Each structure stands twice: as structure tokens, then as C-alpha cells.
Amino acid sequence: MNKRRVWATAAAVTAGLTGLAVLQGFAGGSKGNDTGQDKPVTGPVQAHVRSAALQVDGDHAVIPQRDTDPFSLVGLSWTKPAAELPGRVEVRTRSTSSGDWGSWTSLYVGGHGAAAEESRRGATEPAWVGSSDGVQVRVDGRGSALPAGLRLEMVDPGKGTAAVRPAPVAYAVDAEPSDEATPTASDAVTTTPDEGESASTPPVDDSASPSPSESISSSAPVVTDTPSASVSASPTATVPPAPTSTAPRPTIVTRAQWGADESLNDEAPGYGTEIKVVFVHHTVDANTYTCTESAALVRAIRAYHIKTNGWKDIGYNFLVDKCGTIFEGRKGGVDQPVIGAHNPGFNTNSTGIAVLGEYSSIDASAAAKASVAQIAAWKLGQYGHDPAGKVDLTASMTNGKFTLGQTASFYRISGHRDGYFTECPGNKLYASIPGIRALAGGPVTGLALKPLTGVGLSGTTAYTKSSLTVNWTTTTPSAFIRRFDVLLDGKVAATGGPTATSAPLTLTPGSHTLAVRVTHISGKTTVTPSTAVVAETTAPSFTTKPSLSLSTGTVNTTAVPVTLNWKAADNGALKEVRVTKPAAHTYGPTVSSAALTANSGTAGTWSMTAYDYAGNTASASLTATPMILQETSATRTGTWTTKASSSYLGGASYSSTSKNASLTWKFTGRSAAWVVSRAAGSGQADIYVDGVKATTVDMKSATTAYRAVQWTKSWSTSGTHTVKIVVVGTPGRPTVTTDGLVYLK
């Protein structure tokens with residue numbers, strides 16, 4: 001609630017000042033007597049305000065370095081509230097814990113009249129200095145006369161931290177994380193039968209069954225308030241009935257919980273008729289306070305406002321620390337339109353929310369801003385006002401920015417500076433008010449579907465047998481979310497609370513669309529784009545049964561080259577085919593063959609499974625045994641020479657240069673392969689199958705190759721066959737070297 005900030009550099013206090021100020025309330029040094037805030041309050045905590053008059057000489061005033069009783073907050077005041085203090089005020093204090101003097105701190109001065117209707121003295125904004133037992137003050141009016149009655153106000157807030165520290169809004173907090181409780185609440189998701197609501201119809205469907213953890217009315221989109229702070233008494237002529245808000249009430253530390261001493265003032269609170277606008281402030285205190293000190297800081301500000309300014313009570317309706325904890329401010333009931341002292345001319349029918357700290361050069365924490373948005377949404381929601389909207393108000397007094405009776409247009413959530421000549425709430429926090437307004441007024445941002453669980457994705461279409469889990473995420477904190485609805489074919493199929501991030505569904509067979517809709521506490525909705533889902537239970541099929549055939553390559557006694565053939569299909573979308581035996585391999589949906597190897601002389605089982613994207617499967621298998629027939633087992637004609645080498649199968653081979661020399665093998669099987677040696681001088685051979693010439697094979701090769709499959713032949717079923725090779729006698733290179741025949745049985 002600061003006024004204009006004076007940035008000019010202070011002149012040095014003149015050395016010629018003589019005499020001592022009247023130090024009312026000062027005491028002998030009590031260094032080391034810490035005011036301590038480590039224990040929760042158990043009742044009212046008495047705050048003490050001590051005053052000391054300044055020694056004035058023209059446009060300068062001082063309090064020399066002095067010992068004092070302990071205090072934690074200081075400010076400067078003067079007799080007439082309308083008088084302005086020109087120039088600069090600087091204070092420095094001595095820490096009770098370290099005994100060291102701190103650096104000079106400037107107090108905010110210039111037109112302190114935020115509550116002129118109540119003020120009995122003029123004053124600077126107070127400054128939190130932490131537990132101190134020594135003080136020094138200097139004032140430089142820079143050529144202007146200083147107001148009469150200058151005195152230093154030192155506030156001892158008493159001992160004790162808040163009796164309760166609620167968990168703050170679940171948000172990315174960037175200050176004091178060690179002082180925060182971690183939210184652990186979660187919201188169940190309930191699945192509901194199809195309802196007659198279209199995905200294109202954005203209003204909230206309150207006929208859907210809410211989850212047990214939600215407080216959603218079944219008759220209207222209104223969130224029931226849950227008492228969490230002091231409320232007004234039963235309605236009377238002076239205390240209006242408290243309306244129910246459309247937004248949930250945030251958790252608030254009550255006056256009793258932060259230790260308010262109600263005997264400090266006995267004036268009755270004043271009430272407006274409604275809350276039309278929320279003004280955001282900062283308290284212009286040091287940002288170095290810990291969140292366990294927040295209650296003491298609130299007590300100190302209240303004592304300063306009452307004892308120094310002469311106000312009825314603390315000027316703000318609510319205060320928020322950097323950890324996001326909300327404190328009840330001025331008495332009268334947090335659910336009432338209590339008239340505060342925070343924005344002259346517009347105190348009636350408004351709520352003042354002050355963030356503890358100074359936010360001209362740094363921004364308030366995300367947690368603090370989220371809590372400000374929560375209060376604003378709740379208070380404006382009591383009277384049906386859109387936090388993102390605007391309102392015209394009439395100034396009740398001339399305040400330096402507006403004149404009495406002037407109409408001013410405000411956003412429903414505005415900064416103090418929008419209604420008064422001040423820099424409050426600081427440039428950084430003021431720049432964040434549009435974001436606070438968006439949090440409070442909605443809609444939810446960052447809603448996005450995450451990958452579905454329990455499905456297979458083909459392109460942009462998801463497939464499932466029947467069950468899946470819908471997953472989503474948002475960037476808006478859950479405190480601003482009323483509910484999530486999962487829309488199946490445009491109808492609500494599941495409902496989740498504000499912290500829900502997923503929902504299980506069971507689908508009927510067929511094609512569907514899925515989307516997620518989120519409802520902000522304001523009632524505004526956001527819907528994700530739809531995603532296509534197909535539920536089906538039909539298994540894929542092998543339209544061509546798996547078969548094995550011999551293939552070209554190099555033969556070893558333990559590895560015979562083969563080709564596995566198949567064709568799989570699905571009525572939805574085939575995902576893949578996996579070979580599980582004799583070794584694991586995975587192939588895409590369009591692949592129908594694979595080059596593999598098999599052990600010779602060993603019966604092998606080849607197992608395959610086809611998968612569709614829904615998870616349905618079909619299996620098939622076959623058994624085959626590759627057999628090697630050595631050249632010695634063939635029936636010979638013509639001249640053949642035996643060659644010995646470890647490069648040949650069995651260590652030997654037959655070679656011939658004689659035209660029409662032949663070898664004939666007889667076997668029972670479904671695939672055959674002729675194994676040869678190849679070289680630059682190799683010739684040609686005719687191949688006859690079951691007495692019929694099948695082809696002529698040329699074995700010439702630029703590089704030497706052993707145990708090479710030069711020719712293959714396969715049949716659809718197993719049968720008895722003969723394979724005969726005949727040497728062509730190619731001129732210049734008649735040699736044919738054979739290493740046997742392989743067949744599958």
C-alpha cells in the first residue's frame with residue numbers, strides 16, 4: 001500500500017546538529033534478546049509500538065545510533081495526516097542475533113493517505129527489519145521544511161508464528177520451498193453412463209455424477225464454501241448475509257491463528273453492499289523474511305496501522321506471504337464486504353489483498369500470485385462478478401488521481417496504482433496482474449491429452465480391445481479447476497476432480513472419439529481436440545500360412561540359409577509379426593518374408609505371432625529339418641575327381657571337366673538347394689528336376705566362394721524328387737565343382 005517512492009539520493013546528515021532527540025520508549029541495550037517467532041501462537045499475541053521523537057534542524061532530522069528494546073518493524077510518522085514528508089528517510093538497525101548493524105534502508109514516503117477517512121497521523125510505509133535492538137535514523141528534506149511531530153515508530157510483534165500453516169496452492173513455487181507443506185490430495189475419477197451431452201456443447205453438465213472428493217452442486221454450477229477462516233455472525237441490520245460464491249474458498253489463516261490481539265481496538269467494522277473490485281498491493285517490506293515470520297509481520301503491520309496511522313484495524317482485507325499462505329486481515333468476517341483502508345476513494349465495496357514484500361524490481365512468487373487469484377475469484381464470485389471483467393466505480397473522495405464523484409473504469413482485479421497516485425504494488429507485481437486475472441477468471445490453460453494408456457497407435461488412430469486410460473495435463477493450478485469430464489462420442493463418460501490427471505474407460509466395439517473437457521472455477525470450459533479410438537476384439541489372421549524354403553547363401557553344417565514366408569492381415573490395423581522360435585525377430589505389418597538360417601540335420605520349430613494395434617493376436621508354426629546330401633551319395637556318370645579341403649562340406653568335393661558328366665540325387669522333401677564352389681574358371685551345368693531340364697547355371701565368379709548355394713527349388717508340399725546336374729563343358733572353363741545337395745524334409 002505504498003505511495004510515491006522517492007528515489008533521490010539522500011544528502012549526508014549535517015555534522016553540525018547538536019543535542020539529543022527525546023527518545024520516548026527507548027530502553028537500555030538488550031542485545032541478544034531475540035523476539036523469536038519459532039513457536040505457534042496459542043492465543044492473542046500482544047504487539048508493542050514504541051515511539052521516539054526525532055531531533056529536527058531545518059530540513060534535516062536524526063536519531064543518533066541508540067540501543068533499544070527489541071523490535072522488528074519500523075516506520076516514521078508525523079502529526080498531520082494530510083502533510084507530506086519531502087525528501088528521503090533512511091533507517092538502519094542492529095540485529096539481535098548477530099549484534100551487527102545493517103545497511104541503511106529507505107522508507108517509502110510521499111502522500112501517505114490511503115485511508116484518509118481513518119488516518120489520524122501521517123506516516124511512511126513500515127519496513128520489516130527483523131529482530132533488532134538498536135536503531136539510527138536520518139531524514140533529508142532537501143531544502144523543504146519537514147512536517148511537525150516527526151517520530152520513529154518501532155513495533156515489537158510479540159513472539160509466535162501462525163498456529164496453522166495451510167498447504168499453499170499446488171503450483172511452481174519460486175520462494176521459500178522449505179517453508180511449504182507439499183499438497184498430497186488427489187481426486188478420484190468416476191465413470192458415468194452415457195449422457196445426452198454433446199462435445200460441442202460447452203456448458204457444464206452437472207447431471208454427471210461428481211467424484212466423492214468434489215463439492216459440485218448437482219443442480220447448479222456453484223461450489224459450496226468450506227469454512228476455513230472467521231466468518232461473520234448471523235445477519236443483522238449491520239451485518240449482511242454472506243452469499244455463496246461460484247468459486248471455492250481458499251484456506252485462510254484466521255486472525256486467532258496468527259495471534260491478533262483483539263483488545264488493541266474495539267471499533268466495529270464497516271460493511272459495503274458487495275465486492276465489486278479487488279485491489280492488489282504490496283506491503284513494501286523486506287523480501288528476506290521467512291515464511292515462519294509471516295504471522296509476526298502481519299501482527300506488526302496491524303499494530304502500526306492502528307497505533308501509528310490511527311486506523312480502525314489493519315488496512316488490508318487479506319495478506320499473502322511469499323509461500324502463498326493467506327492471512328485474514330481486517331476483522332468483520334472474510335465472507336463479508338468489509339470496508340478496508342487500502343485505496344482512498346474506493347475502499348467501500350472493494351477488497352484489498354496485500355502481498356508481503358516489495359515487488360518493484362522483483363516479481364512475487366508464483367505461489368503468492370496464485371493465492372491472490374484464489375481470493376479474488378472467491379470474493380468476486382460471491383456476487384457473480386467475472387474476475388476477468390471490468391467495472392465502473394465512483395470516487396468517494398479526491399485522492400490525487402481521481403476527484404470526488406469522478407467515474408473510473410477498473411478491471412475487476414486491479415493494482416493499487418489504478419485507483420491512487422502510487423507505485424503500489426510495484427512494477428513487477430503490477431505487470432503480473434493480467435496473469436492473476438487470467439488465473440482467477442479462466443479459462444484453464446495448457447489442457448492437453450497425453451498418450452492414452454492401454455492402446456496401440458496407428459497414425460492418429462488409437463486401437464484397444466475395450467479398456468484404456470485417458471491421460472491429460474494442464475498448466476493452470478488445480479485450485480482453479482472445478483472438474484474434468486472425459487467425453488466419449490460427445491457424451492460424459494467419466495468425471496474427475498480438480499487434481500485428476502487420468503480416467504479409465506471401457507469401450508464398446510466400434511469407432512469412437514475421445515476428448516477431455518475442463519471447467520474452470522469461473523464456469524468457463526476448455527475442450528481438447530478429439531482423438532479417434534477403435535475398439536475391436538477380432539484377431540488378425542495368417543492369410544498365407546508360414547512356410548520355409550531353402551535360399552541362396554553360404555552353407556555351414558550348423559547354418560543353412562532359408563527363407564521364412566508368410567502373409568498376415570487384420571480387419572483393423574496390423575501392427576507387427578514376431579518370430580519367437582528358434583530366435584526372436586520382429587517385422588512390420590507389410591513384411592512377408594525373412595532371410596534366416598537353420599541348423600542342418602535338426603528338426604526346428606518356427607513359431608510366429610501376428611499382433612494388431614488393439615492387442616489381439618494370432619499364432620502359427622511349422623517344423624522343418626534341413627538335410628545335407630554329400631556328393632558321394634549321388635549317382636555318377638562320367639569322370640569326377642575328389643578334392644580335399646577344409647573349405648568343403650565334409651572336407652571333400654567332386655570336380656569334373658567332362659562334358660555330360662552327371663550327378664543325380666533322390667530325396668523326399670519340399671525344397672532343394674545345390675551347393676557348389678565358384679571361381680573365375682568355373683563353368684556351367686544343366687539342372688534337371690524329376691527328369692525335366694529346369695535351367696542352366698553358370699558358376700563363374702570373380703572371387704572364389706565355397707559352399708555357395710547356386711540354385712534352389714521349392715514345392716508347396718513334400719514329395720519324392722530327383723535332381724540331376726550335367727556338366728556343359730563350357731569352352732575355356734569347363735570345370736564344375738559340387739559340394740552336395742541340401743533339402744528340407
Side-chain angles (χ1 to χ4, degrees), residues 1 168-169 171 222-223 225 228-229 242-253 272 274-283 315-321 324-330 333-340 342-343 346-356 359 363-391 393 410-419 424-426 429-445 476-482 520-524:
M1 189 173 66
V169 179
Y171 203 66
V222 175
V223 178
D225 288 333
S228 57
T244 299
S245 180
T246 56
R249 175 187 294 175
T251 302
I252 301 169
V253 177
E274 62 174 311
I275 298 301
K276 295 181 178 180
V277 65
V278 172
F279 288 110
V280 180
H281 305 259
H282 66 169
T283 60
Y316 310 111
N317 299 98
F318 301 93
L319 300 96
V320 177
D321 72 12
T325 303
I326 303 168
F327 295 86
E328 178 184 7
R330 178 163 289 211
V334 294
D335 56 352
Q336 294 294 338
V338 177
I339 298 173
H342 56 88
N343 204 344
F346 303 102
N347 282 317
T348 301
N349 294 334
S350 70
T351 279
I353 306 172
V355 181
L356 299 178
Y359 300 104
D363 197 5
S365 69
K369 291 183 287 188
S371 291
V372 170
Q374 277 190 291
I375 307 168
W378 174 55
K379 293 302 294 180
L380 292 169
Q382 284 187 289
Y383 304 94
H385 300 314
D386 181 1
K390 286 187 172 184
V391 62
L393 301 176
F410 295 97
Y411 282 103
R412 293 284 185 182
I413 302 176
S414 292
H416 183 191
R417 67 174 63 176
D418 294 321
C424 182
L429 180 53
Y430 184 76
S432 291
I433 290 179
I436 293 173
R437 200 178 293 134
L439 269 182
V444 172
T445 58
T476 297
S478 60
F480 301 94
I481 295 173
R482 178 178 296 166
H520 190 270
I521 58 174
S522 65
K524 297 174 184 176

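Quick caveat: nothing in here was measured; it's all calculated off a predicted structure. Numbering of residues begins at 1 and proceeds along the displayed sequence.
Annotation: the span from I326 atom CD1 to F318 atom CZ amounts to 8.0 Å, rounded to 0.5 Å. The line from CD1 of I353 to CZ of F279 is 11.5 Å long, rounded to the nearest 0.5 Å. Here the OG-CG distance, from S365 to D321, works out to 8.0 Å after rounding to the nearest 0.5 Å. Atom OG1 of T351 is separated from atom CD of Q336 by 11.0 Å, given to the nearest 0.5 angstrom.
Of all the heavy atoms in G441 and S522, the pair that sits closest is O-OG, 3.0 Å. Taking each heavy atom of S414 and I433 in turn, the nearest pair found is C-CD1, 3.9 Å. Here the shortest heavy-atom pairing between A373 and A440 reads O-CB, 3.4 Å. When all heavy atoms of D335 and A242 are compared, the pair lying nearest together is OD2-CB, 3.3 Å. When all heavy atoms of D363 and S432 are compared, the closest pair comes out as OD2-OG, 2.6 Å. Here the shortest heavy-atom pairing between P337 and I275 reads CA-CD1, 3.6 Å.
Contact check for I375 versus P250: side-chain heavy atoms found under the 4.5 Å cut-off. At least one side-chain heavy atom of I413 sits under 4.5 Å from a side-chain heavy atom of L380. The shortest distance between side-chain heavy atoms of V277 and N349 does not fall below 4.5 Å.
Listed by chain and number, the residues in a side-chain hydrogen bond (donor to acceptor under 3.5 Å, both in side chains) with Y430 are D418 (sequence neighbours excluded). With sequence neighbours excluded, the residues satisfying side chain to side chain contact (heavy atoms under 4.5 Å, CB included) with A388 are D386, K524. A search for side-chain hydrogen bond (donor to acceptor under 3.5 Å, both in side chains) contacts involving S350 returns H342, not counting sequence neighbours. Partners of R330 under the side-chain hydrogen bond (donor to acceptor under 3.5 Å, both in side chains) rule, at least two apart in sequence or in another chain, are E118. In this structure, the side chain to side chain contact (heavy atoms under 4.5 Å, CB included) partners of I339, at least two apart in sequence or on a different chain, are N347, T348.
Ring centroid separation for the pair Y316 and F327 does not come in under the 6.0 Å cut-off.
The main-chain N or O of P387 is never found under 3.5 Å from a side-chain atom of R412 such that the two would form a donor-acceptor pair. Between the side chain of N317 and the backbone N or O of G329 there is no donor-acceptor pair closer than 3.5 Å.
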> Does the pair H385 and V391 meet the rule for a side chain to side chain contact (heavy atoms under 4.5 Å, CB included), with working shown?
Replying inline: CA-CA 9 Å; H385 300 314; V391 62; over 6 Å; no

> How far apart are the C-alpha atoms of K369 and V355, what are their side-chain angles, what is the distance that settles it, and do they pass the side chain to side chain contact (heavy atoms under 4.5 Å, CB included) test?
Replying inline: CA-CA 8 Å; K369 291 183 287 188; V355 181; over 6 Å; no

> Checking side chain to side chain contact (heavy atoms under 4.5 Å, CB included) for the pair K379/S245: CA distance, chi angles, key distance, verdict?
Replying inline: CA-CA 7 Å; K379 293 302 294 180; S245 180; over 6 Å; no

> Would W378 and I252 satisfy side chain to side chain contact (heavy atoms under 4.5 Å, CB included), going step by step from the backbone distance to the final call?
Replying inline: CA-CA 12 Å; W378 174 55; I252 301 169; 4.1 Å; yes

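Ring-plane geometry between F480 and H520 is classed as parallel, the angle between the planes falling under 30 degrees on a 0 to 90 degree scale with a further cut at 60. Ring planes of H281 and H416: tilted class, angle from 30 to 60°.
Crowding of Y383 atom OH: a count of heavy atoms from other residues, nucleotides or ligands under 6.0 Å exceeding 12.
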